[in-house]
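Numbers here are sequence positions counted from 1. Since the structure is predicted, the reported quantities are computational estimates derived from the model, not experimental observations. Both backbone and side-chain heavy atoms feed into the values below; hydrogens, waters and symmetry mates do not.
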Amino acid sequence: MFWPAEPARSSDVPIGALLSVHDCQVVLEPWTNLAAEFTQPCGIWFQPPAGRYRVWLEKGESLTPTTGSFNHVASPFAGRGQGVIMAVVPGGRVALAPGITIPANAELRLINFDSCCIGAGFVHPFDRRALPTAPTLRSGLLVPAGRVFVGIFDRATNEALAIGKLVDVAAGKSVSVAPQAPAIGADVFVSLMRPDVRKTRDVDTVRLTLDGVPPQTLFDGSDRVYAAWYGVQKPVAQLVVESKTLRFPSRELKLTSGLVTTLREELHRLPSVTVSLLAPHGALEKYEPRVEVRQPSRNEALQSMPIVAGSETRIAALPAEPLDIMLTIGPWTFRKSVDLTRGIDERVVFDLHPIIVNGVVYYGRDPSPKAGVAFDTGAGWERTKADDAGHYTATLWTPNDAYLAEVQIAGRDGPPFEEAFVQITDSRTLDFHVPATRYRVRVVDARSGEPVRGASVSAANIFLHSSGEEATLMQRAAANDDGVAMLAPLRRGTLTVRARAAGYYDSDAVDGGTIANEESAGEVEVKLRAVGETVPMRLRTADGRPVAGAEVWAVAATSGTRPPLWRGASDSDGIVEVPRGIDGATLLIRSRATASAVRPFHAANEQREIALQPAAAPVRIRIGSPDMRIAVWIDGARIVGPAVTFLTWSSEVSDGAGMWTAQNLPQQPLRLLAWRHLPEPEIVAGLRDANSATIAYPWPASVIVQPLE
C-alpha cells in the first residue's frame, strides 16, 4: 500500500503530513522493462508480480520528485503487508511535438536534472520513459519541475537516435519537445556509471571534454554522469574524463554526420593501498608515525596521513601507476613499492622489530653522566641520553653494518665525538670510549694577526683503526668571536687542520702534531690570507634573472684532488666577488636553480657576466659495478675527483648497486668515463679519453655505461 504526503519542511524529517489518496496512483516500472509502466490506486493493498521496480506517486498534477526502488518477492512479504509513504510536489508535463515520430523499437526518455536529491551531491535523477503507444505521449508526461533532457533511444541497443537540448519544465505547465537527428555534424551522448557510493563525501566532481571542449549538456550525479555535445563537425574526437577519485582512459570516438554517437561505460575508482603497521606494544609511543605515498624519483608526497601501530590505514584515490609507500617514524624512513597500473587495490605491511642497543659511555677512564648518544639513520638522528652512571639505551629499527654514532660529553664544548662504521645487526651491548683530549684551533688574519670570527675549520685525525688499517676521520667546527674553534675528542695518531672564511683564501694544510694519548691537549694556529681586491661577477639565468646563492669554487685544475684555491657564493643580486689574485684559475659554478657550469677566470677580461643555462632532469646511469670512479665532461672540461661531487650534486663513485645519479647537468649530451683500478694520473692526463662514452640528450629511459677495469 502507498500513501501520498506533503514534502518535508526540514531535512531532518523525511515526510510531512499525510494527504488524501483521492486522485492518487502509484506508478511502477519493472527494472527489466522501464518503459512498461503500470499503475495501482494509492491507499489500497495490492500485490504486484515478484520483481524489482522503479516507483513514484502521481496525485493530480503533482508527483514524487524522485524515483524510489521497490523489491517484491515471495519472502518475506507472503501473507504480510507493507505501507510506503512518499511525498509529492507540483510537476509539469512534457509532450512530444507533432511531426516527431518514434520508431516502433524505440522509446522516449525524459531525465530531470533538477529532481530531488538525498544529501549534497547525492543525486538520483527522475528518469521517465514512454513507448510510442503511450497514451500521454502527445498530451504530456508528468515530470518534476526543472531542467529536463530529452532523447529517443533504440530499446534493443540503448543507442541514442536523437537528442535534444535541455528544456525548462515549470510546475503546472506543459512544454513541447522535438528531439531530432543532427542536421549538421554529429551529436554525442555519453552515459558513465559511477561506482556504488556509500557516503556523500565520496562523490567527486567529474570533468569531461571532447577535443578540449566541455559538454553543452551535463548532469553529474552520484550514480551516473550524462553529457551531450551537439553538431560536432569532426570525423573523430577524443573524450577525456578527469576526476580526483575516479579513472577512465581517454577514448577516441568515431563520429558520423547526421547521427548520434552513444558511449555507455563505467567509471572505476582509482586504486587504494591499505597500510598495516606492526610493532611490539608501546615500542612506538614516543613517535608520531606517518605514512605517505610518493611517485618514484619525486620528493613531494601525493598523500600523507598518520598511522597507529596495530591498525590499518587506507589511502584512496591513488594514480594507477607504480608508487612508493613511505613510513616515517621519527628519524626512520621505510619504503615499500606497489604497482597500481592495473587499477587493483593493494596491501602493504610494515612489520617492525626493534633492535635494542645499550652500554656505558666513558670519557677517558671514567663513565660520563648525562652524555648524549645518537645514531645516524640516514634521514636524521635517533637520540638518547645516558643516566647519572653513564648508562644509555637506544632503540634502532633497521640493521646496519656501518652506523655513524655521535657522543656528546655533557659540559664539553666543541663538536661531538664520532664513531664510524659501527656494526649493529641485532640487539647488542655497545660501550663508547671517548678520548679526553682537548684541542683547539685559532684562526687569525695572516697580516694583522686579528682573529677571524666565524671561520670554518676542518680537521683530519689520522689513526690506527681496530682492524689494523690506517683510517682518517674528518670533522668540522666553527670559530667563535675570538677566532677559536674547539675540536671533537681525537684518537691517538696525527692531526692536520685547514680553515677558510669569507674574504680569505682557503688555508694550506697545517700540521697539528701527534696525539700521544687520550688526554693530550694543544692549540693549532691557522693563518688566513685576505683575498684583497676582487672582481664582481654577475651570475644570471638565460633570460636575465639573477642567480642568488650559487656556490663557486676556483680551482687550479678541474682534475685531481687538490682543494679549491677559493670558495664563494653569489648574493641576492647574483653578484659574486672573485679575487683578482686567482687570475687564470677555473671557476666551478653550481646552483639548484640552473645547470652547473665551468668557466675560465681572467681578471683583465671585461666580460663580467656569466649566463647559466637551464638544468636537465636528473640522469641515472647503470655502471654495473659498485665503487667505480667517475669522470664527466662539462662545458668541454674534463672533471675528475671532488669537483665531480661538487658539480653533479652526487658522488665521484658509483653506489653499492652500481648506479650513479647526476643532477643539474647542462641540457646537452653527456660525456662520461668510469673506471676502478686504472692509475688516476692516466685519467687526469687524458690518456683514457678515447674510452669515454657519450649519452644523448634528452636522456634515454635506460642508460648503461661500461666501465674500464
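Evaluated for a side chain to side chain contact (heavy atoms under 4.5 Å, CB included) with Glu652, the options Thr645, Val640, Val632, Ile639 yield exactly one hit, Thr645.
Annotation: cation-pi pair Lys336/Phe350 present, NZ/CZ under 6.0 Å from the ring centroid and within 45° of its normal.
Considering all non-hydrogen atoms of both residues, Asn664 and Ser591 come closest at ND2-O, 2.9 Å. Nearest approach of Met474 to Ser458, heavy atoms of both residues: CE-CB, 4.4 Å. Residues Glu312 and Ser276 share a closest heavy-atom pair of CG-OG, 3.3 Å. Taking both residues in full, the closest heavy atoms of Ser368 and Tyr363 are given as CB-CB, 3.9 Å, listed atom of the first, atom of the second, then distance. Closest of all the heavy-atom pairs between Thr541 and Thr594 is CG2-CG2, 4.1 Å. Closest non-hydrogen pair, Ser427 versus Pro354, comes out as OG-O, 4.2 Å.
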Side chains of residues 485-495: which donor-acceptor partners sit under 3.5 Å, not counting sequence neighbours?
from: Arg491; atom 1: NH1; to: Glu418; atom 2: O; distance (Å): 3.4
from: Arg491; atom 1: NH2; to: Glu418; atom 2: O; distance (Å): 2.7
from: Arg491; atom 1: NH2; to: Glu419; atom 2: OE2; distance (Å): 3.4

Can you give the donor-acceptor pairs under 3.5 Å from side chains of residues 671-686 to other protein atoms, not counting sequence neighbours?
from: Arg671; atom 1: NE; to: Ser692; atom 2: OG; distance (Å): 2.9
from: Arg671; atom 1: NH2; to: Asp689; atom 2: O; distance (Å): 3.2
from: Arg676; atom 1: NH2; to: Pro626; atom 2: O; distance (Å): 2.6
from: Glu680; atom 1: OE1; to: Arg629; atom 2: NH1; distance (Å): 2.9
from: Glu680; atom 1: OE1; to: Arg629; atom 2: NH2; distance (Å): 2.7
from: Glu682; atom 1: OE1; to: Arg688; atom 2: NE; distance (Å): 3.2
from: Glu682; atom 1: OE1; to: Arg688; atom 2: NH2; distance (Å): 3.4

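Not a single donor-acceptor pair under 3.5 Å links the side chain of Asp506 to the backbone N or O of Arg500. Not one N or O on the side chain of Asp482 forms a donor-acceptor pair closer than 3.5 Å with the backbone of Val484. The backbone N or O of Thr661 sits less than 3.5 Å from a side-chain atom of Ser650, completing a donor-acceptor pair. Remark: side-chain polar atoms of Asp573 are not paired, donor with acceptor, to backbone N or O of Ile575 under 3.5 angstrom. Under the 3.5 Å distance criterion, the side-chain polar atoms of Trp660 are matched with a main-chain donor or acceptor of Ser651. No donor-acceptor distance shorter than 3.5 angstrom exists from the side chain of Thr648 to the backbone of Gln663, with no hydrogens or angles considered. One N or O on the side chain of Ser654 and one on the backbone of Ser625 form a donor-acceptor pair closer than 3.5 Å. Without hydrogens or angle criteria, Ser570 side chain to Ala550 main chain gives a donor-acceptor distance under 3.5 Å. A donor-acceptor pair under 3.5 Å is absent between the side-chain atoms of Thr313 and the main chain of Ile307, judged by distance alone. The main-chain N or O of Val360 is found under 3.5 Å from a side-chain atom of Asp431 such that the two form a donor-acceptor pair.
Under the side-chain hydrogen bond (donor to acceptor under 3.5 Å, both in side chains) criterion, Arg438 pairs with no residue at all, not counting sequence neighbours. Judged as a side-chain hydrogen bond (donor to acceptor under 3.5 Å, both in side chains), and not counting sequence neighbours, the contacts of Arg580 are Glu533. Residues forming a salt bridge (Lys or Arg N to Asp or Glu O under 4.0 Å) with Arg592 (at least two apart in sequence, or on another chain): none. Asn358 is linked by a side-chain hydrogen bond (donor to acceptor under 3.5 Å, both in side chains) to nothing, counting only residues two or more places apart in sequence or in another chain. Glu577 is linked by a salt bridge (Lys or Arg N to Asp or Glu O under 4.0 Å) to nothing, counting only residues two or more places apart in sequence or in another chain. In terms of the salt bridge (Lys or Arg N to Asp or Glu O under 4.0 Å) criterion, residue partners of Arg590 (sequence neighbours excluded) are, by chain and number, Glu551. Applying the side-chain hydrogen bond (donor to acceptor under 3.5 Å, both in side chains) rule to Ser311 yields no partners; only residues at least two apart in sequence or on another chain are considered. Scored by the salt bridge (Lys or Arg N to Asp or Glu O under 4.0 Å) test, Asp376 finds no partners at all (sequence neighbours excluded).
Note on residues 400-413: no pairs pass salt bridge (Lys or Arg N to Asp or Glu O under 4.0 Å), not counting sequence neighbours. Residue pairs meeting the salt bridge (Lys or Arg N to Asp or Glu O under 4.0 Å) criterion with at least one member in residues 277-288, sequence neighbours excluded: Lys286-Glu382.
In this structure, the side chains of Val357 and Leu396 come closer than 4.5 Å at one or more pairs of heavy atoms.
For the residue pair Arg290 and Ser304, a side-chain donor N or O sits within less than 3.5 Å of a side-chain acceptor on the partner.
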Exercise. Which is it for Ile409 and Phe417 under the side chain to side chain contact (heavy atoms under 4.5 Å, CB included) test, yes or no, and what are the steps along the way?
Worked result: CA-CA 8 Å; Ile409 302 301; Phe417 174 78; over 6 Å; no

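Ion pairing of Arg294 with Asp324 is absent here, as no side-chain N (NZ or NE/NH1/NH2) approaches a carboxylate O to less than 4.0 Å. The residues Arg440 and Glu523 are annotated as salt-bridged, a charged nitrogen and a carboxylate oxygen being separated by less than 4.0 angstrom. Here Arg498 does not pair with Asp508 in a salt bridge; the nearest charged N to carboxylate O distance is not below 4.0 Å.
Using cut-offs of 30° and 60° for the angle between ring planes, the His465 and Phe463 rings count as tilted. Under the 30°/60° scheme for interplanar angles, the aromatic rings of Tyr362 and His433 are found to lie parallel. The aromatic rings of Tyr403 and Phe375 sit perpendicular to each other, their planes meeting at more than 60°, with 30° as the lower class boundary.
By the neighbour-count criterion of 12 heavy atoms within 6.0 Å, atom CZ of Arg622 is sparsely surrounded, having that number or fewer from other residues, nucleotides or ligands. Around atom CZ of Arg562, no more than 12 heavy atoms belonging to other residues, nucleotides or ligands sit under 6.0 Å away.
Considering CD of Glu292 and CG of Leu323, their distance stands at 12.0 Å, rounded to 0.5 Å.
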